[in-house]
Amino acid sequence: MATTRRNSQKAIGKSRLMLILGALLVLGFLATSLASYFVSKGEIHAAIVDRELPLTSDTVYSEIQKDLVRPIFISSMMASDTFLRDWVLAGENEVSRITKYLEEVQRRYGAFTSFFVSESTRLYYHSSGVKPPMRADNPDNAWYFRVRQMEEPYEINVDPDQVNRNTLTIFINYRVLDYQGRYLGVTGVGLTVDAVRHLLSDYQKRYQRSVYFVDAKGKVVLFGERPSHGADDIAKVPSLRDIAPQILASRLGSYQYRFDGRNHLLNVRYVPELKWFLFVEKVEDDAMAGIRETLYINLAICAGVSLLILLLTGVTLNRYQGRLEEMATIDKLSGLLNRQAFEVLFLQTLAELRRSPAPLAAVLLDIDHFKQINDRFGHLCGDQVIEQVAATMKSRLRESDIPCRWGGEEFLVLLKNCDRAQAAALAEALRSAVADLRFEFDGQVATVTVSAGIAAYRDGDSPERLVDRADQRLYAAKRGGRDRVVAEELSADPGLT
């Protein structure tokens, strides 16, 4: 009887121990699993918000900029083309000449459309012929009268192209001025919205996230495939409508909202070229489904996707930079920006300053007695001097500085985030470095010097005004004996002090 009781107690004790050990194992496994799940969920959430969506946004934005910068340069070249201006000033005779010109621009640069609208006749010239004149009472012509009143040299807008069966087109409208700065009309090129739409669709399929554009009023204006919420206005989406004012008031940010029982993560950035907001969106619940089945596999996939996005971003930026370098923006002799490309970057820099004020200075350098070098040793030797001076400049400037060959033996440099004193120190270093150069011409060793004038940007300065003040200081350096740097005083007016 006692033995039976002891055996029964042992069985109960063993069962209790197994139950306790089992409970501990279950609780430990459950606690570890839950802890891993929530930690992983938090990390995946942070990865989507902080890396994946912003990287996709940056990549799409870079692709859009890449597709828009080339048409901007083309439109700029058209607006400054002497043929176009001379043809207008000569009375717009021989229409076949302008249509042939527009056709050649369209063919050579692969534009979807090219055009010119004359201010004097209001005629719309297209590669396919002459279209009806612009009329102020025609709503379809409102774009022309808007550009006519602009202060900026160009705009980018999206409109139906009436010449090409109302195809939705991204137009670069560039103002054309005569040689005295009088308004002659508008020229430019266009590319189809479908090109951008295909890009968005490609990224949406590749990364399983929605990519679409929203205008300043909250309307969904462009997408590859319709967003998951399916609305044409973000104010119509429950929960999203609550943060819509905050989104549209900001230029950049990450947000989340609930729709259809799921959590949506959202990255938004403003695209100033289009005046639209770029929305990159992902449903968080879809991303979390995998970790419930196999946590570690999904984390590995997530890491692989992140690496893939980084790799694609690097490849895209390299391609973007390569395409810019391939364009006609570099002066062949000096290896610096040419004047036309520099002027476009100059305008973009001033636009950035209006959005985010920062110091900016212009340095205008001129090689002293350059004509004597050409006369004494020949133009090939003069070219060698220009090459060496340009190489010296590039080796001394910062990556953020923008140098160009302004003309002949003159060089112009924009120094970003650089005040007058810093610009003077940098210009003096350039002057000293050039003075240390040695050139051997026909067995003779020669030296060259440069003079420099410096002007600091002031609110409201135009490129011409800023360069003119730097030019005045350059002439002051020349009059002062050359081989020197002259900077404008802090309280200086446009005239020399």
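Along the sequence shown, the residues carry numbers beginning at 1.
- No donor-acceptor pair closer than 3.5 Å links the side chain of Arg396 to the backbone N or O of Lys394.
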Quiz item: Please walk me through it: do Phe115 and Tyr124 pass ring-ring contact (aromatic ring centres under 6.0 Å, His included)?
Solution: CA-CA 7 Å; Phe115 65 91; Tyr124 186 104; 5.7 Å; yes
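- Within the structure, the side chain to side chain donor-acceptor pair (under 3.5 Å) test picks out the following pairs touching residues 220-233 (sequence neighbours left out): Tyr212-His229, Lys219-Asp233, Ser228-Glu281, Asp232-Lys236.
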Exercise. Could you please spell out the steps behind the salt bridge (Lys or Arg N to Asp or Glu O under 4.0 Å) verdict for Asp331 and Arg339?
Key: CA-CA 8 Å; Asp331 175 66; Arg339 186 164 179 167; over 6 Å; no
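- No side-chain N or O of Ser334 forms a donor-acceptor pair with one of Glu387 less than 3.5 Å apart.
- The shortest side-chain heavy-atom distance between Tyr101 and Thr99 does not fall under the 4.5 Å cut-off.
- Here the options are Val221, Ile234, Val268, the test is side-chain contact (heavy atoms from CB on, under 4.5 Å), and the partner is Phe277; only Val268 passes.
- Sparse packing is recorded around CD of Glu151, with 12 or fewer heavy atoms of other residues, nucleotides or ligands lying under 6.0 Å away.
- Geometrically, Arg251 engages Tyr270 in a cation-pi contact, judged by NZ or CZ lying under 6.0 Å from the ring centre and within 45° of the ring axis.
- Using bins of under 30°, 30° to 60° and over 60° for the plane-to-plane angle, the ring pair Phe171/Trp143 lands in the parallel bin.
- Sequence neighbours left out, the pairs with a member in residues 130-141 that pass salt bridge (Lys or Arg N to Asp or Glu O under 4.0 Å) are Arg135-Asp137.
- With a 4.5 Å cut-off on side-chain heavy atoms, Glu343 and Pro463 do not count as touching.
- Tyr457 is not listed as a side-chain neighbour of Pro357, based on a closest heavy-atom distance of 4.5 Å or more.
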Exercise. Begin from the C-alpha positions of Asp86 and Tyr179 and carry the test side-chain hydrogen bond (donor to acceptor under 3.5 Å, both in side chains) through to its verdict.
Key: CA-CA 10 Å; Asp86 290 344; Tyr179 301 104; 2.8 Å; yes
Practice problem: Verify side-chain hydrogen bond (donor to acceptor under 3.5 Å, both in side chains) between Glu92 and Ser118, making sure each step is shown before the conclusion. | Solution: CA-CA 9 Å; Glu92 303 180 26; Ser118 170; 2.3 Å; yes
Exercise. I would like to know whether Arg182 and Leu177 meet side-chain contact (heavy atoms from CB on, under 4.5 Å); could you show each step before the answer?
Key: CA-CA 5 Å; Arg182 293 187 293 262; Leu177 306 178; over 6 Å; no
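- In this structure a side-chain-to-backbone donor-acceptor pair under 3.5 Å is present from Arg405 to Gly408.
- A donor atom on one side chain and an acceptor atom on the other are found under 3.5 Å apart for Asp368 and Thr449.
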Exercise. Verify side-chain hydrogen bond (donor to acceptor under 3.5 Å, both in side chains) between Tyr109 and Glu104, making sure each step is shown before the conclusion.
Key: CA-CA 8 Å; Tyr109 297 109; Glu104 179 65 14; over 6 Å; no
